[in-house]
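Report on one structure; see the data block that follows.
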There are 2 protein chains.
Amino acid sequence: MLNPTQFCRCLGDDIRMALVCLLREHGEVCVCELTAALAAPQPTVSRHLAQLRECGLVIARREGTWMHYRLHPELPVWAKESIDTLAATAATHLDLQPLAKAC
Amino acid sequence: MLNPTQFCRCLGDDIRMALVCLLREHGEVCVCELTAALAAPQPTVSRHLAQLRECGLVIARREGTWMHYRLHPELPVWAKESIDTLAATAATHLDLQPLAKAC
DNA sequence: ATATAATATTCGGAAATCCGAATATAGTGT
DNA sequence: ACACTATATTCGGATTTCCGAATATTATAT
C-alpha cells in the first residue's frame with residue numbers, strides 16, 4: 001500500500017485534487033461528469049484518474065460504456081482523514097463546475 | 001498562503017516528509033541534528049529546508065552559527081491537522097536516526 | 001585580519017512529471 | 001459486420017524536480 005509521501009505526491013496536482021474533492025462530495029461519479037466539472041480535456045482527466053487508481057485512492061466500476069469512479073472504500077484511516085481535511089479545504093480554492101451528466 | 005495542492009507537493013518528498021516528522025516530534029531542532037538524523041548530505045537538507053520555508057511550513061531562528069528550525073507556529077488548522085496525521089504515519093515508514101547533536 | 005565552523009546558494013545535468021494530439025479499446029446499437 | 005460513444009493509452013516534447021559538486025555566506029574565535 002502507499003505511504004504518506006506517495007499519497008501527497010498523488011494529491012499534489014490540481015486536477016487530481018479536484019477529482020478527489022468531487023468524489024468525496026458526491027460518492028460515485030461518471031467520468032463524463034468529472035470531465036465536465038473540471039472543464040479539462042478527456043484524455044487528461046483519464047490519465048489522472050488512472051494515476052489515482054494506481055495509487056489505490058480510487059476504484060472504477062464499469063457500466064456499459066460508462067465508467068464510475070469513487071474513493072477506494074478501504075482506505076487506511078490516515079488516508080481517509082487526510083483526504084477529508086485536504087479536500088474540504090481544496091474545494092473552496094478550486095473552482096469546480098456543478099456536476100451535470102454530459103453523456 | 002499555500003493551498004492544499006501546494007501543501008501536498010511540498011510534502012511529496014521523503015526528505016521533506018522526514019524533516020516535518022522530526023520537527024513535529026521534537027519541536028525546535030538544529031540543522032546539524034536534522035542532517036545527522038537523515039544521513040543525507042548537508043546541502044540537500046538545506047535545500048529542502050529552504051523549500052519548506054518558502055512554502056511557509058517551517059520557520060528558522062538563528063543562534064550564532066546555528067540555525068534552528070521548527071514548524072510554523074501559525075499554520076492554518078487544516079495544515080496542522082494534515083501534518084499530524086501524515087507525519088505520524090510517515091514516522092513509522094521512514095527510518096530516522098535518533099536525534100544527536102553533531103556540531 | 002585570518003581561520004574555522006555551520007549553513008546556504010549556485011550551477012550543470014539526469015530523471016520525473018505533465019500536456020496535447022493522435023490512436024486504441026470496449027461496449028452498444030443497427 | 002459496421003458505426004458510434006465513452007473512455008483509455010501511447011507518443012513526443014516542454015517543463016519541473018531533484019541531486020552532487022563546488023562555492024558563497026554568516027558568525028565566531030584567535
Side-chain angles (χ1 to χ4, degrees), chain A residues 2-20 22-23 28-70 94 99-103, chain B residues 2-20 22-23 28-70 94 99-103:
Chain A
L2 96 171
N3 65 35
T5 304
Q6 298 171 297
F7 173 88
C8 286
R9 219 178 254 273
C10 198
L11 289 185
D13 176 276
D14 278 335
I15 294 187
R16 289 193 296 277
M17 182 65 84
L19 288 169
V20 167
L22 291 169
L23 297 179
E28 204 183 47
V29 184
C30 175
V31 172
C32 65
E33 296 177 88
L34 296 171
T35 304
L38 265 64
Q42 176 267 322
T44 297
V45 174
S46 190
R47 252 184 289 121
H48 284 290
L49 283 170
Q51 209 167 327
L52 289 169
R53 241 189 300 124
E54 284 154 20
C55 289
L57 293 191
V58 309
I59 59 174
R61 182 176 63 85
R62 179 177 282 284
E63 189 179 323
T65 24
W66 292 276
M67 289 292 260
H68 299 271
Y69 281 82
R70 58 184 165 127
L94 305 165
L99 282 198
K101 272 249 174 299
C103 60
Chain B
L2 95 172
N3 66 33
T5 304
Q6 299 170 298
F7 173 88
C8 286
R9 219 178 253 275
C10 198
L11 289 186
D13 176 277
D14 279 334
I15 293 187
R16 290 193 295 275
M17 182 65 84
L19 288 169
V20 167
L22 290 169
L23 296 179
E28 203 183 46
V29 184
C30 175
V31 172
C32 65
E33 296 176 89
L34 296 171
T35 304
L38 266 65
Q42 177 267 322
T44 297
V45 173
S46 189
R47 252 184 288 121
H48 285 290
L49 284 169
Q51 210 168 327
L52 290 170
R53 241 189 299 125
E54 284 153 21
C55 288
L57 293 192
V58 308
I59 59 174
R61 181 176 64 84
R62 180 177 283 282
E63 188 180 323
T65 23
W66 293 275
M67 288 292 261
H68 298 272
Y69 281 83
R70 60 184 163 128
L94 305 164
L99 282 200
K101 273 249 176 297
C103 58

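Numbers restart at 1 for each chain; the letters A, B, ... are given by sequence-line order, proteins then strands.
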Task: Which residues share a side-chain contact (heavy atoms from CB on, under 4.5 Å) with A/C30, sequence neighbours left out - done: A/C32, A/E33, A/W66, A/H68, A/K101, A/C103

Task: side chain to side chain donor-acceptor pair (under 3.5 Å) partners for B/D14, two or more places apart - done: A/T5

Task: Whole angstrom value for the distance that separates P of C/dA16 from CD of A/Q51 - done: 14 Å

- [ ] Write down the distance between CG (A/L11) and P (C/dC18), rounded to a whole number of angstrom.
- [x] 12 Å

TODO: Applying side-chain contact (heavy atoms from CB on, under 4.5 Å), name anything that partners B/T35, two or more places apart in sequence or on another chain.
DONE: B/V31, B/Q42, B/V45

Open item on the list: Using the side chain to side chain donor-acceptor pair (under 3.5 Å) criterion, which residues pair with B/E28? Sequence neighbours excluded.
Closed with: B/R61

Task: Between C1' of D/dC19 and CZ of B/R16, the distance in whole Å - done: 12 Å

Open item on the list: What is the distance, to the nearest angstrom, from the CD atom on B/Q6 to the P atom on D/dT16?
Closed with: 14 Å

TODO: Mind listing the residues from residues 28-37 of chain B sitting with a heavy atom below 4.0 Å of DNA chain C? Number order is fine.
DONE: B/C30, B/V31, B/C32

Task: side-chain contact (heavy atoms from CB on, under 4.5 Å) against B/A36, all qualifying residues, sequence neighbours excluded - done: B/A102

- [ ] For A/I59, check side-chain contact (heavy atoms from CB on, under 4.5 Å) against everything at least two apart and list the hits.
- [x] A/R70, A/H72, A/P73

Task: Residue pair A/C10 / A/L52: nearest heavy atoms and the distance that separates them - done: SG-CD2, 3.7 Å

Task: Side-chain donor/acceptor of A/Q42 to base of D/dA6, under 3.5 Å - done: no

Open item on the list: Are the side chains of A/L19 and A/V58 in contact, using a 4.5 Å heavy-atom criterion?
Closed with: no

Task: Considering all heavy atoms, the nearest A/A37-A/L99 contact - done: CB-CD2, 3.8 Å

- [ ] Would you tell me if any nitrogen or oxygen in the side chain of B/R9 comes within less than 4.0 Å of OP1 or OP2 on C/dT17?
- [x] no

- [ ] Using ring pair (Phe, Tyr, Trp, His ring centres under 6.0 Å) as the criterion, list what pairs up with A/F7, not counting sequence neighbours.
- [x] A/W78

- [ ] May I have the distance from A/H68 (atom NE2) to D/dA8 (atom C1'), rounded to whole angstrom?
- [x] 16 Å

Task: Whole-Å gap separating P (C/dT7) and CG (B/L52) - done: 16 Å

- [ ] For nucleotides 25-30 of chain C, just jot down a letter per nucleotide in 5' to 3' order: B, S or -, based on protein non-hydrogen atoms under 4.0 Å.
- [x] -SBS--

Task: Side-chain N or O of A/Y69 closer than 4.0 Å to phosphate OP1/OP2 of D/dA8 - done: yes

Dump the pairs, protein N or O against N or O of nucleotides 19-21 of chain C, anything under 3.5 Å, distances to one decimal.
residue	atom	partner	partner atom	Å
C/dC19	OP2	A/H48	NE2	2.6
C/dG20	OP2	A/T44	OG1	3.3
C/dG20	N7	A/R47	NH2	2.9

TODO: Could you name each residue pair satisfying side-chain hydrogen bond (donor to acceptor under 3.5 Å, both in side chains) that touches residues 48-58 of chain A, not counting sequence neighbours?
DONE: A/R16-A/H48, A/R16-A/Q51, A/R53-A/Y69

